[in-house]
Structure formats: C-alpha cells, structure tokens
Amino acid sequence: MPELPEVQTIVEDLNKKVLGRTFVDVWADEKKIIKKSWDVFKSELIGKKIEKIFRKGKNIIFNLSGGYSMLTHLKMTGHYLYDNYDKADPMNSFIHIKFSLDNGKVLALSDLRKFAKVELKETSKIEEELEEIGPDPFEIGFEEFRKRLRTGKIKQVLMDQKKISGIGNIYSDEILWEAKVHPEKKVQNLSEKELKEIFEASKKILKTALAARGTSISDYRDTEGKKGSYGDIRKVYRKTGKECPRCGEIIEEKKIGQRSAHFCPLCQKP
DNA sequence: ACAATATCCTGCGAGC
DNA sequence: TGCTCGCAGGATATTG
C-alpha cells in the first residue's frame, strides 16, 4: 500500500512525465472513485493544465489552471500508470480511470480494491482540506514531533495522519523495530531516548524505502508498472515466524486496533 | 472529547 | 480439484 516513500516516488515520476500537460479527455468505469457528479467532474477537468504536482502525507495534489486542484489518495491498492507501462503484470490491469493528455498519451489509475479517492475542487477548498493533515517526519524537528504524539499506543499514533503523516502499516512496523520499541507501548510511557529513536528511525526508514522506490510485497507499482525493492530488505513486516535479523528471536504478529503489527518480542519489549 | 468498531472492495491463500 | 471463507488494509462514519 502506498505510504510516503511510494507516494513520493509517484510524485517525482509524475513531475517528469505529466507536468505542464493539459487534460483533453477522461474515462472511468468506476465513477464512485470520483467524489462528485461524473458529468461535472469531466466538464471541469477537460481543458485544465497541470501546473504543479506535489505530495501532502499520502495525498497527491495536482494544481490545475483556472484555480482548480485535483486531490487524489491511492489508499491501499491504487497506483498511477503512464503511457508505456508494464502490461504483463496483472496488478496493472485494474484500470478504472484514464486521463487523456494533450501529448496523445494516457495517465491511468489502477486500483484493485477501488478504494482510491479523486476530488476536483477549487484550490482554496483543497488547501483547507490539506490543513487537516499533519506534517511528515521530514518537515519537522524532534520537539514538534514529540509534541504531536501525546497519548495512545505508539503504532496507532504513528499511523494517525492528523498527527504525523506519511506512515502506514508497513513502515510503522519497520520504524518501531528499528527503534526497538514495542508497538503497543503507550506514548506517555516512552522515555525521551525512545521518542528520539522513533523520530530518527522514521526518517531513516522512510529515506531508505524512498531510495528503494518503495515496497511492493503485494500491490504497489510505480508509474511504469514496476515494483519497488524495499520489500527485499524489510525486517519485520509480514515476517511472522521468521527470525529477527538482529537477535534471532522469532517475529510475532498481533492485532493492534484493526491492523496487524509485526515485531520482535525480544528487541521490542512491552 | 475521545476511543473502539464497522465499512468500503476483491484477489488470494488456507482449509476441507 | 474446486469450492467457501476469511484476510489484507487507509481513512471515514458510526457507535460507545
């Protein structure tokens, strides 16, 4: 599922490929992904030029001409595919939206589970929406990071986009393993040292994953339909029953909230 | 005010 | 072999 490293990779690719292009047509077979009337969406989008593409948390925002912006969230299984992507991979075959561009090429949105969200609104309204989303670990220093966490189980808090954005289930597991902190530990019970470790681990893991172009254990693909390689070097996520790469203990899995957490019971004591 | 739970969706792997 | 069933999960809505 796309988290910060995957979304950032996509945004960088999109900036190289579709920045400055104008939408000439749009097609969809699953119109519920669009949050407003299809006819209105289509008529508002066509003719708009892509002036800027950026990321806020896990959201991708296209600033368009005419004071409009398109906000997209890929949720679990969404990914963008551009022009000549890898069609041999079945994961790239769940295409529900196709944006036709003025260079004759197509930007498509593939989404197996159809959870993705596409919103087209005035830029000021989109900006209001984005204010709800907290900063990612690269945008703040340690003091701000600590201030934003406050209470709750650390894994859940790390995944709360209002507090800190960009981190989901995969990287929260990896970050907490790196920082040697149990996922169920309460924020208020964490030492200064542990909080600092978590903050530093957040940046380290996300940076490493970005360099690997993300994690593609299940569904994530880049705009060419290619996989990222962080899955090959991950330590704990979906490694239940395997040995901890640091101490050799068997990795455990536990439901925290509705999410599965993977951790080493020896390195990450409760 | 906050936290726990249900909801959306569909391919896949496990189990019979 | 082929079926059924439950799981995966981000964010939001709903309930406690």
Side-chain angles (χ1 to χ4, degrees), chain A residues 1-8 10-11 28-36 55-61 71-80 88-97 109-119 121 126 128-136 148-176 183-189 206 209 214-221 225 227-228 230-231 234 236-242 251-263:
Chain A
M1 53 246 77
E3 302 179 30
L4 187 150
E6 291 79 17
V7 177
Q8 182 66 33
I10 292 167
V11 165
D29 73 339
E30 182 64 40
K31 299 187 172 61
K32 69 177 278 281
I33 293 174
I34 313 293
K35 295 300 156 192
K36 63 161 81 176
R55 175 186 66 76
K56 177 75 187 174
K58 302 177 195 169
N59 295 270
I60 300 171
I61 301 97
L71 182 150
T72 71
H73 195 304
L74 301 169
K75 297 287 179 83
M76 264 99 71
T77 56
H79 55 274
Y80 279 107
D89 187 336
M91 192 48 74
N92 298 332
S93 63
F94 305 98
I95 291 172
H96 299 300
I97 305 178
L109 181 72
S110 176
D111 184 9
L112 188 157
R113 276 171 230 168
K114 301 180 181 173
F115 283 4
K117 177 178 90 167
V118 173
E119 279 185 306
K121 287 183 188 174
I126 295 283
E128 254 173 60
E129 226 174 291
L130 293 177
E131 280 172 26
E132 299 286 311
I133 300 161
D136 66 49
R148 301 190 71 92
L149 298 194
R150 288 218 280 271
T151 61
K153 292 174 184 171
I154 184 62
K155 180 175 170 70
Q156 290 180 309
V157 171
L158 276 180
M159 290 196 292
D160 185 339
Q161 305 301 304
K162 291 188 177 69
K163 297 189 170 92
I164 303 290
S165 67
I167 299 170
N169 210 32
I170 298 174
Y171 297 115
S172 60
D173 277 359
E174 295 294 312
I175 288 164
L176 291 172
E184 282 188 299
K185 210 155 177 183
K186 294 269 174 59
V187 172
Q188 56 268 42
N189 297 333
L206 294 175
T215 304
S216 298
I217 304 167
S218 56
D219 46 79
Y220 168 71
R221 302 292 184 272
K227 296 182 178 188
Y230 191 79
R234 77 193 196 276
V236 286
Y237 178 74
R238 287 210 204 173
K239 293 228 171 189
T240 315
K242 300 257 183 344
I251 290 163
E252 284 183 13
E253 181 175 348
K254 188 176 182 186
K255 283 266 177 209
I256 298 178
Q258 292 167 282
R259 300 290 163 256
S260 55
H262 312 78
F263 59 98

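Within every chain, numbering begins at 1; the chains are lettered A, B, ... in the order of the sequence lines, protein sequences first and strands thereafter. As a basis for the values below, the full set of heavy atoms in this structure was taken, side chains included, without hydrogen atoms, waters or symmetry mates.
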Exercise. Grab the NZ-C1' distance between A:Lys31 and B:dC9 for me, whole Å please.
Key: 18 Å
Quiz item: Is there a side-chain contact between A:Leu74 and A:Leu109 (heavy atoms, below 4.5 Å)?
Solution: yes
Self-check item: 4.5 Å side-chain heavy-atom contact, A:Asp219 and A:His79
Solution: no
Exercise. To the nearest Å, give me how far apart CG (A:Asp160) and P (B:dA1) are.
Key: 17 Å
Quiz item: Looking at A:Arg234, A:Glu6, A:Glu3, which hits side chain to side chain donor-acceptor pair (under 3.5 Å) with A:Tyr171?
Solution: A:Glu6
Exercise. Look at A:Thr151 and B:dA3 and indicate whether a side-chain polar atom (N or O) is within less than 4.0 Å of OP1 or OP2.
Key: yes
Exercise. Give, for atom NZ of A:Lys185 and atom CG of A:Leu176, the distance between the pair rounded to the nearest 0.5 Å.
Key: 11.0 Å
Quiz prompt | Relative orientation of the end axes in the helix from B:dC2-C:dG16 to B:dC16-C:dG2, expressed as an angle to the nearest 10° (five pairs per end) | solution = 60°
Quiz item: Say you draw a straight line from NZ of A:Lys155 to CG of A:Asp173; how long is it, rounded to the nearest 0.5 Å?
Solution: 3.5 Å
Quiz item: What salt bridge (charged side-chain N to carboxylate O under 4.0 Å, His left out) pairs are there with at least one residue in residues 253-263 of chain A, not counting sequence neighbours?
Solution: A:Glu184-A:Lys254
Exercise. If a protein heavy atom is under 4.0 Å from the base, mark B; if only from the sugar-phosphate, S; if neither, -; do that for nucleotides 9-16 of chain C going 5' to 3'.
Key: BBB-----
Practice problem: To the nearest Å, give me how far apart NZ (A:Lys186) and C1' (B:dC2) are. | Solution: 13 Å
Exercise. Give a yes or no on this: more than 12 heavy atoms of other residues, nucleotides or ligands lie within 6.0 Å of atom NZ of A:Lys36.
Key: yes
Self-check item: First encountered from the 5' end of DNA chain B, between A:Pro90 and A:Lys32
Solution: A:Lys32
Practice problem: Working to the nearest 0.5 Å, report the span between CG of A:Asn169 and OH of A:Tyr237. | Solution: 5.5 Å
Quiz item: Over how many whole Å does the gap from A:Asp219 atom CG to B:dT10 atom C1' extend?
Solution: 12 Å
Quiz item: Should we say atom NZ of A:Lys35 is surrounded by more than 12 heavy atoms from elsewhere, each under 6.0 Å from it?
Solution: yes
Quiz item: Over how many whole Å does the gap from A:Lys114 atom NZ to B:dT10 atom P extend?
Solution: 4 Å
Quiz item: Expressed in angstrom and rounded to an integer, what is the separation of A:Asp29 atom CG from B:dT10 atom P?
Solution: 10 Å
